[in-house]
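Have a look at the structure below, then the notes.
Numbering of ligands and ligand atoms starts at 1, following listing order.
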Amino acid sequence: MTDADDNVRYDQARYVENGQYEPLLSEKDLTRVEIDEGDDGDDSPLPDDLTRDSLELPELSEPELVRHYTRLSQMIYGIDSGPYPLGSCTMKYNPKFTEDVAAVPDGAVHPDRSEESVQGTLELLYRLQDYLGRIGGMDAVTLQPPAGAAGEFVGIRVAAAYHEHNGEGHRDEVIVPESAHGTNFASAALGGYEVVSLPSDDEGRVDLEALEAALSENTAALMLTNPNTLGLFERDIEEIAEMVHDVGGLLYYDGANLNALLGRARPGDMGFDVMHYNVHKTFATPHGGGGPGAGPVGVVDELAPFLPSPRVRTDGDASYELFEPEHTIGKVHGFHGNWLVLVKTFAYIARLGDEGLTDASAKAVLNANYLASRIEYDVPYEPFHHEFVASAGDQDAADVAKRMLDYGVHPPTTKWPEIVPEALMTEPTEVESKDTLDRLAAAFNAVAAEEDATLEDAPERTTARRIDQTSAARSPRLSWQTLSDEEE
Ligand SMILES: *Cc1c(COP(=O)(O)O)cnc(C)c1O
């Protein structure tokens, strides 16, 4: 064990002690092989000090290499290691077949090829637009935005373009419930709007009186997710839609919680005009992590002419082409968006089909309800759907989260939404078995019974302890320090 000061950094000494430490290849005492790169360096137009003639690499056998990366991969917790009940994030397991489909060599087409020569690519994009449209009850879809938050921004810009086109450019307010995800406030503000924050009622839903008071001729849109961040279905959604539409505003659906509704209810049928899809939450594509993502946006007919360009259409004769919507807000991404992420989305939807998607949402809701019934923490707001927000009570939710790691499971999302004190926002997803849910519940309950001092010291068993993420982001250490550097 190290003392508290050391708490913020990767604790190599402890890992050497536990036999868990895996040095970098450059730190290992390995035989080097010299790879001769030939004379090519001489012909290079680059200055001499930027070219090389030979390269020295560590010599490794296949098992050594495999073990190295396997051990490194075990130093972090991922969805392939165990349950990951991070509320709102819908960390479902990504089936490996989608990776296979995306790795088909023919899928890697040059984006500048002629439309005639990439009809298969365009067909897939067209069919995905169509699937997503039908799943959300939307008339038109763009696949370009590279994340959910980017989708929000696009949706808000599309709404703005629509209002301006109709001579309603004076509308300068977007209403966002106070329980909403931070990106909703940010997208509205970045889109040029005043953000009006809406309080919840005692039951954790939209407060209709407060909404009435917030709505005006200046309202451009109301952004909602349904079920909301407490996992509660907004029962008055039709009335809410009518109220927003009556003042000439648009209703925006944050698709992060679509996993709860798949195959059962559609935002379009509830009166939403524009929505984004978090395909990494609902349709099992990888969660960013800095890599490429996708956050398609769907809209009703009236907004379709404003969508980003290009979109894909068909003449109905099995021939596909790109087109620019009449009043497009322009391009928001290179070419057609993150193509291979979209391939995975398509593969997942096509493999599950109507029945599979409907079954996924049923199990997501069942799993959340089962888990909640097994844990000892209080869950103040009910009835919830695919996720619930428990309260850590007198414990600090962040400490609870750190301690859960010691029990070999990933913790829930913490401290949000703020309506629940010391929130533990939990979403097991449909992929977990009863066995795993029981193991998760046991971890929650073990931590619930522990002393504050134990929690404050946690985690004890992870590779990194309490990482100071703010400092790490502001003043990153960009060179690797080895154990021997430390000792010097
Ligand atoms: C995840 C999430 C977002 C943002 O989506 P990203 O794809 O992570 O950018 C927006 N709203 C809610 C409720 C979310 O959970």
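In the model, Lys92 has a side-chain atom that pairs as donor or acceptor with a side-chain atom of Asn259 under 3.5 Å. Looking only at atom types and distance, the side chain of Glu427 has a donor-acceptor partner in the side chain of Thr90 under 3.5 Å away. Counting only N and O atoms by type, the side chains of Tyr370 and Asp438 include a donor and acceptor under 3.5 Å apart. No hydrogens or angles considered: nothing links the side chains of His327 and Tyr162 as a donor-acceptor pair under 3.5 Å.
When hydrogens are left out, the protein atom nearest atom 9 (O) of ligand 1 is Ala149 N, 2.8 Å; that is the closest non-hydrogen contact. Protein heavy atom closest to atom 15 (O) of ligand 1, with residue, atom name and distance, is Ser88 OG, 2.6 Å. For atom 5 (O) of ligand 1, the nearest non-hydrogen atom of the protein is Asn278 ND2, 2.9 Å.
Side-chain contact between Phe185 and Val174 is absent, with no heavy atoms from C-beta onward closer than 4.5 Å.
Checking only distances, Asn184 never comes within under 3.5 Å of ligand 1, N or O to N or O. Polar contact with ligand 1: present for Gly148 (N/O pair, distance under 3.5 Å).
Close contacts between ligand 1 and Thr183 involve ligand atoms 3 (C), 4 (C), 10 (C), 11 (N) [criterion: under 4.0 Å to a heavy atom]. Taking every heavy atom of Ala256 and a limit of under 4.0 angstrom, the matching atoms of ligand 1 come to 2 (C), 11 (N), 12 (C), 13 (C), 14 (C), 15 (O). Close approach of ligand 1 to His280 is summarised as follows: ligand atoms under 4.0 Å from at least one heavy atom of the residue are 6 (P), 7 (O), 8 (O).
Nearest-heavy-atom check against atom 1 (C) of ligand 1 across Lys281, Glu152, Glu387 picks out Lys281. In the candidate list Asp254, Thr90, Leu86, Asn228, Asp254 is nearest to atom 13 (C) of ligand 1, counting heavy atoms.
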One pair to check against salt bridge (charged side-chain N to carboxylate O under 4.0 Å, His left out): Asp130 and Arg127. What are the steps and the verdict?
CA-CA 5 Å; Asp130 181 51; Arg127 286 173 63 184; over 6 Å; no
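Between the side chain of Ser391 and the backbone N or O of Pro421, at least one donor-acceptor pair lies under 3.5 Å.
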